[in-house]
Amino acid sequence: MVCKWKHIALVVAGFTLSSCGWVEIPADGSRGGTTYKRSPSVQQTAPAKPMEIPGTLIVQKGDTVYAISRRTGASVRDIIDTNQLKAPFHLKAGQRLRLPQSPYHTVQKGDTLYSVSRDYRTDVYTLAKVNNLKPPFTLIPGQQLKLPSKNNLTTASKTLKPAARILAEPQNKPATTTQKAAPRISKQAIPKPPPRSSSRFAWPAQGKLLSSFGAKKNGLRNDGINIAAQRGTPIKASENGVVAYSGNELRGFGNMILLKHSGGWITAYAHADQLLVKRGQKIKKGQVIGKVGSSGGVTTPQLHFEIRKGMDPVDPKKHLSG
């Protein structure tokens, strides 16, 4: 009887220890040369694959904002802003990030690649590249242009509208029904601009200031200044340079000249009555390059003048001598 109870006690003790997990079975289900088949109810299952959502990605182990920027082509700042990330911008594996969506511009009647690039503060060739456009860069009303991703663009919207810009004052010239062909913007290289003669630019014409630089009422903005002058008044180059553009294909500006100067500076002269220079021509400071007129979106003779550092307009009065 005693032996029997000892035997029962050993069996109960073994069961209790097994049920508490004291007896371990190797992960491969084998023990002591014997292979055990696991019950389907306890087999490990692979984690479910995250659902794919267009315009998003799942952060992988070791990912950084910079690495994702390099992989997707989106800028670091756009990724941070779109996902409202906080410094130091650490990412967790499995985290879902929204990818910045590039804004678009819907081409309007009369739009040119140059005018669109000015509205969105980018350059013509970058705009052409991201849209796979080939010379002569013809645009069709209703066409969707993808805009380069930049920090000064609202990348979350596809209905972004450029700020209205002042070409001159007044702007009450009746609209013409004639549709001009899209400009043929030459990609042929122009000569290197000659050295500047001074750190200051010269006034291109003398006259009453019609409109100053900067923001205006009703959301308008003037990227330069407008100078009233009699028709036919000589327009003089503000500095030594080379002609980057001479034509009348830019909507609202009429006859216009762009001079490129050393140091990345550009000056613009618009609404001319006559253009006296050609693209690629080297120009000296004070040289007459055109005559004042009222071409483009104005009704009275005047000169619209701009100074730009790269693509960014600056206040001409801060850079003009006298």
When you compare the side chain of [Y] with that of [X], does any pair of heavy atoms fall below 4.5 Å?
{"X": "Thr82", "Y": "Leu99", "result": "no"}
{"X": "His271", "Y": "Phe305", "result": "no"}
{"X": "Leu139", "Y": "Leu133", "result": "yes"}
{"X": "Leu57", "Y": "Leu97", "result": "yes"}
{"X": "Leu259", "Y": "Val242", "result": "no"}
{"X": "Thr267", "Y": "Ile257", "result": "no"}
{"X": "Leu210", "Y": "Ile227", "result": "no"}
{"X": "Leu85", "Y": "Val65", "result": "yes"}

Between [X] and [Y] (side chain of the first, backbone of the second, donor and acceptor by atom type, cut-off under 3.5 Å), is there such a pair?
{"X": "Arg308", "Y": "Gly264", "result": "no"}
{"X": "Ser295", "Y": "Asn255", "result": "yes"}
{"X": "Asn131", "Y": "Ala128", "result": "no"}

Hydrophobic clustering (ILVMFWY, side-chain heavy atoms < 4.5 Å, transitive) - are [Y] and [X] grouped together?
{"X": "Val292", "Y": "Leu258", "result": "no"}
{"X": "Leu209", "Y": "Leu320", "result": "yes"}
{"X": "Val314", "Y": "Tyr269", "result": "yes"}

Carboxylate-amine/guanidinium contact Lys291 Asp273, below 4.0 Å: no
State plainly whether the residues Lys109 and Asp111 are in salt-bridge range, i.e. N to O under 4.0 Å. no
Classify the side-chain pair [X]/[Y] by whether it contains a donor and acceptor separated by less than 3.5 Å.
{"X": "Arg98", "Y": "Thr56", "value": "no"}
{"X": "Ser294", "Y": "Gln302", "value": "no"}
{"X": "His304", "Y": "Glu306", "value": "yes"}

Any chance OH of Tyr66 has more than 12 other-residue heavy atoms, nucleotides or ligands included, within less than 6.0 Å? no
For atom NZ of Lys309, is the number of surrounding heavy atoms from other residues, nucleotides or ligands below 6.0 Å larger than 12? yes
Arg221 vs Asp223, salt bridge (Lys or Arg N to Asp or Glu O under 4.0 Å): CA-CA, chis, key distance, verdict: CA-CA 6 Å; Arg221 176 182 175 82; Asp223 282 344; 3.1 Å; yes
For the rings on His261 and Phe201, is their centre-to-centre separation under 6.0 Å? yes
Given the rule in the side-chain contact (heavy atoms from CB on, under 4.5 Å) test, do Ile307 and Asp315 qualify, once you have shown the distances and angles that lead to the verdict? CA-CA 7 Å; Ile307 298 179; Asp315 187 350; over 6 Å; no
Taking the six-membered ring of Trp265 as reference, does the NZ or CZ atom of Arg196 fall below 6.0 Å from its centre and within a 45° cone about the axis? yes
So, applying side chain to side chain contact (heavy atoms under 4.5 Å, CB included) with Ile289, which one of Val277, Leu275, Val243 is it? Val277
Residues 232-242 vs side chain to side chain donor-acceptor pair (under 3.5 Å), sequence neighbours excluded, gives Ser197-Glu239
